[in-house]
Amino acid sequence: MFNLIETAHAASGAPVAGGMGSTIMMLVIMIAIFYFFLIRPENKRKKEAEQMRNTLKKGDWLTTIGGLYGRVVAITDRTVVLETSEDRVRVEFLKSAISSVGTLDEQAAAAQRTRKEKKAAEAAKATEAAAEEKKDSTEE
């Protein structure tokens with residue numbers, strides 16, 4: 001089949017580039033890109049979430065993926081019981097339904113911290129790019 005493609009390229013007058021080796025190399029590069037930019041970060045997030053769920057203890061405040069906020073009153077291997085209000089309403093959830101741990105203020109502060117860190121990183125990149133441009137323009 002690959003011979004047919006090469007023959008078609010040769011018949012059209014277009015130069016044949018690389019052949020089978022370059023195709024395999026491109027596939028390897030694509031797989032590496034997918035691994036480092038998609039698969040690896042997702043696995044890291046899953047590990048962090050699993051660790052967070054395993055370190056829960058009574059009295060922790062948490063938010064579920066559905067947005068329910070409450071205090072942990074009981075924990076089993078698979079479930080967590082939350083007390084959601086002063087009326088002592090208790091609801092049982094699977095551990096996988098937990099989104100974040102900490103009081104609402106702590107969660108908001110953590111989210112704001114990550115936003116500030118992203119802005120600082122973007123500002124640093126912009127500064128580096130400006131310095132690089134200035135360096136290039138002075139060398140000319």
Side-chain angles (χ1 to χ4, degrees):
M1 180 174 166
F2 292 108
N3 257 346
L4 293 173
I5 294 171
E6 290 177 14
T7 306
H9 277 292
S12 69
V16 178
M20 188 70 161
S22 66
T23 305
I24 291 173
M25 182 62 88
M26 289 301 291
L27 284 173
V28 168
I29 291 171
M30 293 278 286
I31 290 170
I33 288 171
F34 274 109
Y35 176 76
F36 284 108
F37 288 111
L38 296 175
I39 298 168
R40 190 169 172 230
E42 182 62 27
N43 287 343
K44 188 176 179 182
R45 276 190 292 273
K46 283 181 184 177
K47 257 187 203 176
E48 289 172 354
E50 188 64 32
Q51 181 183 6
M52 179 258 312
R53 291 178 183 126
N54 288 334
T55 58
L56 285 175
K57 58 188 178 295
K58 274 183 162 182
D60 283 347
W61 289 89
L62 57 88
T63 305
T64 66
I65 56 175
L68 191 66
Y69 179 71
R71 186 174 51 90
V72 177
V73 292
I75 300 174
T76 65
D77 289 340
R78 297 186 61 220
T79 63
V80 173
V81 178
L82 296 180
E83 191 172 271
T84 60
S85 68
E86 292 177 8
D87 296 336
R88 302 178 77 66
V89 176
R90 293 183 179 195
V91 184
E92 185 172 12
F93 288 96
L94 288 174
K95 280 187 174 179
S96 60
I98 297 169
S99 130
S100 56
V101 176
T103 64
L104 290 177
D105 293 335
E106 291 171 351
Q107 292 174 16
Q112 192 171 16
R113 219 178 10 253
T114 56
R115 278 188 236 121
K116 283 183 181 178
E117 289 170 358
K118 286 180 184 178
K119 285 182 182 178
E122 290 172 3
K125 285 181 184 179
T127 306
E128 288 176 16
E132 188 67 31
E133 268 185 41
K134 187 176 181 181
K135 181 182 175 185
D136 290 343
S137 65
T138 57
E139 288 179 359
E140 294 176 357

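Quick note: residue numbers are just sequence positions, from 1. The figures that follow rest on heavy atoms only: side chains count, while hydrogens, waters and symmetry mates do not. None of the values given here were measured: they were computed from a predicted structure.
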A.B. asks: Following the transitive rule for hydrophobic clusters with a side-chain heavy-atom cut-off under 4.5 Å over Ile, Leu, Val, Met, Phe, Trp and Tyr, establish whether I29 and L38 coincide in one cluster.
C.D. replies: no
A.B. asks: Evaluate whether atom CZ of R40 has more than 12 neighbouring non-hydrogen atoms of other residues, nucleotides or ligands under 6.0 angstrom away.
C.D. replies: no
A.B. asks: In the single-linkage hydrophobic clustering (I, L, V, M, F, W, Y; side-chain heavy atoms under 4.5 Å), do V81 and L62 co-cluster?
C.D. replies: no
A.B. asks: Show the numbers, then the answer: is there a side chain to side chain contact (heavy atoms under 4.5 Å, CB included) between D77 and K95?
C.D. replies: CA-CA 8 Å; D77 289 340; K95 280 187 174 179; 5.8 Å; no
A.B. asks: Is Y35 reachable from M25 through a run of I, L, V, M, F, W or Y residues, each pair having side-chain heavy atoms under 4.5 Å apart?
C.D. replies: no
A.B. asks: Is there any ring pair (Phe, Tyr, Trp, His ring centres under 6.0 Å) pair reaching into residues 53-73, and which pairs are they, with sequence neighbours excluded?
C.D. replies: W61-Y69
A.B. asks: For S85, which residues count as a side chain to side chain donor-acceptor pair (under 3.5 Å) partner, sequence neighbours excluded?
C.D. replies: none
A.B. asks: Honestly curious: do F36 and V28 fall in one hydrophobic cluster under the side-chain, below-4.5 Å linking rule?
C.D. replies: no
A.B. asks: Rounded to the nearest 0.5 Å, what's the gap from CG on N54 to CD on Q51? Could you check?
C.D. replies: 8.0 Å
A.B. asks: From I39 CD1 over to I31 CD1, what is the distance, rounded to the nearest 0.5 angstrom?
C.D. replies: 9.0 Å
A.B. asks: To the nearest 0.5 Å, tell me how far T79 OG1 sits from L94 CG.
C.D. replies: 7.5 Å
A.B. asks: I need the single residue from E42, E50, K44 that forms a side-chain contact (heavy atoms from CB on, under 4.5 Å) with K46. Which is it?
C.D. replies: E42
A.B. asks: Answer yes or no: is there an ion pair linking E48 with R45, defined by an N-O contact shorter than 4.0 Å?
C.D. replies: no
A.B. asks: Looking at CG of L82 and CD1 of I75, how far apart are the two atoms once the value is rounded to the nearest 0.5 Å?
C.D. replies: 9.5 Å
A.B. asks: According to a 4.5 Å side-chain heavy-atom criterion applied to Ile, Leu, Val, Met, Phe, Trp and Tyr, with indirect links allowed, do L68 and I98 form part of one hydrophobic cluster?
C.D. replies: yes
A.B. asks: Can you name the nearest heavy-atom pair linking T55 to D60, along with the distance?
C.D. replies: O-OD2, 4.3 Å
A.B. asks: Restricting to non-hydrogen atoms, name the atom on K58 and the atom on V73 that form the minimum distance, rounded to 0.1 Å.
C.D. replies: CE-O, 2.8 Å
